[in-house]
Protein chains: 2
Amino acid sequence: MPDPAPDPAIAFHAHDHAHCCGGLIAEAEAIAASRSVRLTPVRRRVLEILLEEHRALGAYDVLERLARDGFGNQPPVAYRALDFLVDQGLAHRVARLNAFMACTHPGHSHTPAVLICRLCRTVAEAPGSRVRAAIDAEAETAGFAVERTTVEVLGLCPACREGAR
Amino acid sequence: MPDPAPDPAIAFHAHDHAHCCGGLIAEAEAIAASRSVRLTPVRRRVLEILLEEHRALGAYDVLERLARDGFGNQPPVAYRALDFLVDQGLAHRVARLNAFMACTHPGHSHTPAVLICRLCRTVAEAPGSRVRAAIDAEAETAGFAVERTTVEVLGLCPACREGAR
DNA sequence: CGTCTGAACGTTATGCTATAACATACGCCA
DNA sequence: TGGCGTATGTTATAGCATAACGTTCAGACG
């Protein structure tokens, strides 16, 4: 499947964030329904928390916010919800940061490249198809069968790049 | 700089391992000397430990082996040596595994793609130039300035792929 | 030679990340 | 309505990483 057309790195652009969150929650609902899995209150709230900012949050950051809202305040509560979201492709784990981010275009089979701004910590997803193709080619040469890929890029987002001048 | 020519994913092939280790230690010595940094006994031993197998080792695994050899047995001892090796490009951190591996072709400026076999845990480096080019292209589109990349691939190495049939 | 200095190392203590294991509650449906 | 599978709550612990401080050591320089 090709990369989705619209706005790959939306996190880096000015946009109607309430609308972008609302839309993604609605998409998540639809996806969950179509797969007969349950987007329970905790899971939904965790997704909302991740969507509140385009930044990666640690599990304990999520947990703290959950606890404030009256959900359980022990680590497994957060980890289980996060694992669910990651399994369903509604969120991604950012290995480099030991943190999690909402997926901004769920429902597409994608192997995203995560762009992480080292100054403002904003994270965005770039289309990963071409990167993935390059990886597949190299793996092929080595006789290696690719199953999952992690592509994470540390650098400066457009705004911080300007500011850093 | 292009990817080094010889044997990108040596870890997956039968090879004279003693020779490969010895050669890499010698290279490390030369690199350290040329940069006026010191490959001290602890650092050298940590590199040897990483080289003993083509697998990624956790810091505490390294530490345990260090302690056996009479070096300090507290975490900072291992982490400091590992950080040094990573800084000098003599080792890589594998974010996905929270672990470390020896670099099999140090001294080249490379952005490696790490191939991780999910069955035997062997890790190898594939040339990352083409992958890096693809990343650069996507980042350019997003207006993002790339500084460092993490490319890690989980799957099956040639041997385990055979066995899995 | 002495001593100064900065790098490396040893040690204590602590913080952050993640999961095992078990108990409780809930939803579904036969 | 009783049974079953899924989800949640809770306790405890395991695994990964670093701050801070004191000591040691190698090399520079008078």
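In the text below, chain A, chain B and the rest are named by the order of the sequence lines, each starting its count at 1. What you are looking at is a predicted structure, and each value in this text was computed from that prediction instead of being measured.
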Strictly by modelled atom types, are B/Thr150 and A/Arg96 linked by a side-chain donor-acceptor pair under 3.5 Å?
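Distance-only check passes for B/Thr150 and A/Arg96.
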Can you confirm whether the side chains of A/His92 and A/Glu125 place a donor and an acceptor under 3.5 Å from each other?
yes
Quick one: is [N] close enough that its OP1 or OP2 comes under 4.0 Å of any side-chain N or O from [X]?
X       : N      : result
A/Arg93 : C/dA18 : yes
A/Asn98 : C/dC16 : no
B/Thr40 : C/dC9  : yes

Distance, rounded to the nearest Å, where [X] contributes [atom1] and [N] contributes [atom2]:
X       : N      : atom1 : atom2 : value
A/Gln88 : D/dT6  : CD    : P     : 13 Å
A/Leu66 : D/dT8  : CG    : P     : 11 Å
A/Leu97 : C/dA18 : CG    : C1'   : 16 Å
A/Phe84 : D/dT6  : CZ    : C1'   : 11 Å
B/Leu63 : C/dC9  : CG    : P     : 14 Å
B/Phe71 : C/dT11 : CZ    : P     : 13 Å
A/Asp83 : D/dT6  : CG    : C1'   : 15 Å
B/Leu39 : C/dC9  : CG    : C1'   : 15 Å

Closest nucleotide of DNA chain C for B/Arg43 versus for B/Pro76: which of these residues is on the 5' side?
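Going by which nucleotide is closer to the 5' end, it is B/Arg43.
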In terms of relative ring orientation, are B/Phe12 and A/Phe144 parallel, tilted or perpendicular, with 30° and 60° separating the classes?
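The arrangement is parallel - the two ring planes meet at less than 30°.
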Any donor-acceptor pair, under 3.5 Å, between the side chain of B/Tyr60 and the base of D/dA14, if you only look at N and O atoms?
no
Is there a donor and acceptor pair closer than 3.5 Å between the side chain of A/Arg80 and the base of D/dG9?
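Yes, a donor-acceptor pair under 3.5 Å.
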Locate the shortest heavy-atom distance separating A/Ile10 from A/His15; write the atom from each residue and the value.
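Closest pair (atom of A/Ile10, atom of A/His15, distance): O-ND1, 3.5 Å.
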Could you work out which one of [options] sits closest to the side chain of [X]?
X       : options               : result
A/Gln74 : D/dA7, D/dT10, C/dA18 : D/dT10
B/Val77 : D/dT8, C/dT11, C/dC9  : C/dT11
B/Tyr79 : D/dA17, C/dT19, D/dT8 : D/dA17

Using heavy atoms to find the nearest nucleotide of DNA chain D for B/Arg38 and B/Ala59 separately, return the residue whose nucleotide is more 5′.
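The residue closer to the strand's 5' end, by nearest nucleotide, is B/Ala59.
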Indicate yes or no: does A/Arg130 engage B/Glu140 in a salt bridge with an N to O separation below 4.0 Å.
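A salt bridge is absent here (no side-chain N lies under 4.0 Å from a carboxylate O).
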